[in-house]
Each structure stands twice: as structure tokens, then as C-alpha cells.
2 protein chains.
Amino acid sequence: MIQLDYKSGQSICEQVVNRFIQLKALGLMKGGDQLPSVRALASQLSVNPNTVQKAYAILENAGIIYSVKGKGSFLSDDERAHDAVRQKAETDFTAAVRTAKSLGLSQEDLVTLVLKEETT
Amino acid sequence: MIQLDYKSGQSICEQVVNRFIQLKALGLMKGGDQLPSVRALASQLSVNPNTVQKAYAILENAGIIYSVKGKGSFLSDDERAHDAVRQKAETDFTAAVRTAKSLGLSQEDLVTLVLKEETT
DNA sequence: TGTTGTGTACCAATTGAATTAGTACAGTTA
DNA sequence: TAACTGTACTAATTCAATTGGTACACAACA
């Protein structure tokens with residue numbers, strides 16, 4: 001379910017955060033689904049539990065998951081949180097557009113690149 | 001000519017590198033134009049000369065500038081180097097497209113965002 | 001010639017973020 | 001009670017970025 005990519009340049013914490021957001025966006029997880037426990041996921045990824053807990057804390061802070069002591073962490077049903085994720089994705093993508101343009105790519109170039117990228 | 005943005009998340013070195021690439025792409029600098037000296041730019045940016053020199057070394061390594069001991073550093077005329085910059089910009093942008101899609105944005109969404117971004 | 005400005009090459013030290021390691025506490029479930 | 005969950009700390013480590021400093025080689029110029 002979660003697979004780390006050490007070549008991505010992203011920190012472990014970031015990757016865990018983003019992966020659960022993706023799983024929701026892709027429909028592979030739904031609101032209410034339970035996440036692996038902090039310790040279990042840390043063990044599976046061969047990573048320190050603190051790192052996973054930090055990722056879960058970020059997700060909970062953003063309203064994407066909710067955690068209950070003694071029970072576990074669950075994917076939130078709150079659509080507002082997922083709207084916020086979408087907002088951030090748009091902002092990040094817009095920044096990428098600006099960067100690409102500043103390096104000489106035209107609007108047509110960018111549209112072509114978007115369309116060339118297959119939707120999996 | 002060069003202005004640092006500490007909120008950008010980019011390192012000083014990265015910002016210097018990217019800024020000169022931009023200046024060339026935007027036509028504000030041409031092949032043969034002299035860059036500020038390592039020490040002068042470092043002083044202007046209130047930054048360590050080593051940091052600027054590292055940026056210049058990266059630019060020279062990529063063929064974007066060439067440096068002559070005792071004379072200075074100059075923007076290269078080599079189009080192949082600038083083609084490589086374009087290649088990298090395309091690769092980076094494609095990665096941004098994938099990320100945005102994984103977070104739930106559709107192809108239409110992305111095209112809209114590209115077109116919404118004014119060309120300055 | 002000497003001086004100044006240029007790029008280049010080191011090295012030691014510092015800073016900050018990310019991660020690890022370890023311990024402890026609180027709540028749930030069986 | 002025992003075994004699981006999340007949470008909250010602190011200390012140590014690692015690594016990249018940056019700083020501070022010194023030194024050398026070359027070019028331009030008075």
C-alpha cells in the first residue's frame with residue numbers, strides 16, 4: 001500500500017502524507033477506512049515510528065484523517081479537507097507552470113505536455 | 001538583476017542558478033554577456049562567496065556559462081546547453097503533472113490552469 | 001613593477017531539517 | 001491483566017546548505 005522511493009527527493013514523512021492523500025483521491029481508500037498503526041507502518045517501511053507519527057499528525061491537522069487513542073487512525077469523511085488538498089494541488093501546479101514558463105516553455109508546450117501524459 | 005526569495009523554499013544556490021537561466025530565456029541577457037563577479041554578487045546578496053561560486057560552477061558544468069580566470073564569467077552561446085535546460089524544464093513539469101493528477105486533478109483541470117496563467 | 005580584481009580550491013565550523021533511538025503515559029479491546 | 005492503539009517527550013545522529021577564512025593562479029591596468 002505504501003512504498004518509499006528514496007530517489008524522489010521527498011522526505012519519508014512527505015511521502016507517507018502524500019501517499020494516503022493519493023489513496024483517497026484514487027478511490028483505493030474511503031472515508032472511515034483504518035490506516036495501519038503508527039508502529040506497524042514504521043516496521044513495514046523499516047523506519048522510525050516517530051517519522052510515521054509525524055506524518056499522521058500532519059494528516060490529522062489537515063483534517064484528512066482522524067485518530068483515536070487506543071483505537072487507531074481513520075480516513076476522514078470531511079470533504080472540506082479534501083477540497084483543501086485540491087486547492088493545494090492547484091497552487092503547486094500553478095507554481096510549476098510559472099517555473100516552466102520562466103525557463104522558456106510556451107503555453108502551447110505545456111498544454112501538449114499535459115495531454116501527452118497518459119491518465120492511469 | 002538577482003533577488004533572493006527566502007520564502008521560496010529553494011536554496012540560495014538553486015535560486016542563483018535558476019535566475020541566470022531565466023534571464024537568458026527571457027532575453028534580458030544574451031550570449032557573451034558578463035555575469036557579476038563571484039565576490040560582487042555575494043556582496044550584493046549578502047551571501048557567502050562560496051555559495052555564489054557553487055552556483056557558477058553548476059552553471060559552467062551545464063555549459064550555460066563559461067568562466068575565465070582573471071577575467072570573469074560569461075553567458076554561453078551554446079544552444080545545446082540551453083536545449084538541455086529546456087529538456088529539464090519539460091521533465092520537471094511532467095513530474096508536476098503526475099503529482100497533480102495523483103492528487104485528483106483531471107487533465108481538463110490542468111489545461112485550464114495552464115491557460116489561466118497569464119504570460120508575462 | 002605592483003596593485004587590484006577576477007576565478008578556483010580548499011578546510012573547518014555552523015546551522016537547520018530530517019531522522020533515529022529510547023522512554024513514558026493514556027486509552028481500547030479482549 | 002495483557003496486548004494493542006495514539007501521543008508526547010528528550011537526546012543523539014545524519015546530512016545538506018551555508019558560512020568564514022585562507023590561499024593560489026591569472027588578467028588588466030597604472
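Here is the naming used below: chain letters follow the sequence lines, and residue numbers restart at 1 for every chain.
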Which residues pass the side chain to side chain contact (heavy atoms under 4.5 Å, CB included) test with A:S43, sequence neighbours left out?
none

Distances for protein N or O near nucleotides 17-22 of chain D N or O, under 3.5 Å:
{"from": "D:dT18", "atom 1": "OP1", "to": "B:I12", "atom 2": "N", "distance (Å)": "2.4"}
{"from": "D:dT19", "atom 1": "OP2", "to": "B:N48", "atom 2": "N", "distance (Å)": "3.0"}
{"from": "D:dT19", "atom 1": "OP2", "to": "B:T51", "atom 2": "OG1", "distance (Å)": "3.0"}
{"from": "D:dG20", "atom 1": "N7", "to": "B:N48", "atom 2": "ND2", "distance (Å)": "3.1"}
{"from": "D:dG20", "atom 1": "N7", "to": "B:N50", "atom 2": "ND2", "distance (Å)": "3.4"}
{"from": "D:dG20", "atom 1": "O6", "to": "B:N50", "atom 2": "ND2", "distance (Å)": "2.4"}
{"from": "D:dG21", "atom 1": "O6", "to": "B:N50", "atom 2": "OD1", "distance (Å)": "3.1"}
{"from": "D:dG21", "atom 1": "O6", "to": "B:N50", "atom 2": "ND2", "distance (Å)": "3.0"}

Without swapping roles, check the side chain of A:D33 against the backbone of A:K30 for a donor-acceptor pair under 3.5 Å.
yes

Which of residues 56-78 of chain B have a heavy atom under 4.0 Å from DNA chain D?
B:K69, B:G70, B:K71

Which ILVMFWY residues can you reach from B:L105 by hopping between side chains whose heavy atoms are under 4.5 Å apart?
A:F93, A:V97, A:L105, A:L110, A:V111, A:L113, A:V114, A:L115, B:F93, B:V97, B:L110, B:V111, B:L113, B:V114, B:L115

With sequence neighbours excluded, give me every side-chain hydrogen bond (donor to acceptor under 3.5 Å, both in side chains) pair touching residues 70-82 of chain B.
B:K24-B:H82, B:S67-B:S73, B:D78-B:R80

A:Q53 side chain, from C-beta outward: closest of D:dA8, D:dG6, C:dG7:
D:dA8

Side-chain cluster (under 4.5 Å, hydrophobic types only) that B:Y66 belongs to, other residues:
B:V68, B:F74

For the pair A:R19 (side chain) and A:M1 (backbone), establish whether a donor and an acceptor sit closer than 3.5 Å, ignoring hydrogens and angles.
yes

A:L35 CG to D:dC4 C1', in whole Å, measures 16 Å

Any A:Y56 side-chain heavy atom under 4.5 Å of A:V38 side chain
yes

If you apply the rule side-chain hydrogen bond (donor to acceptor under 3.5 Å, both in side chains), what do you find for B:D109 with B:S106, and how did you get there?
CA-CA 5 Å; B:D109 292 334; B:S106 71; 3.1 Å; yes

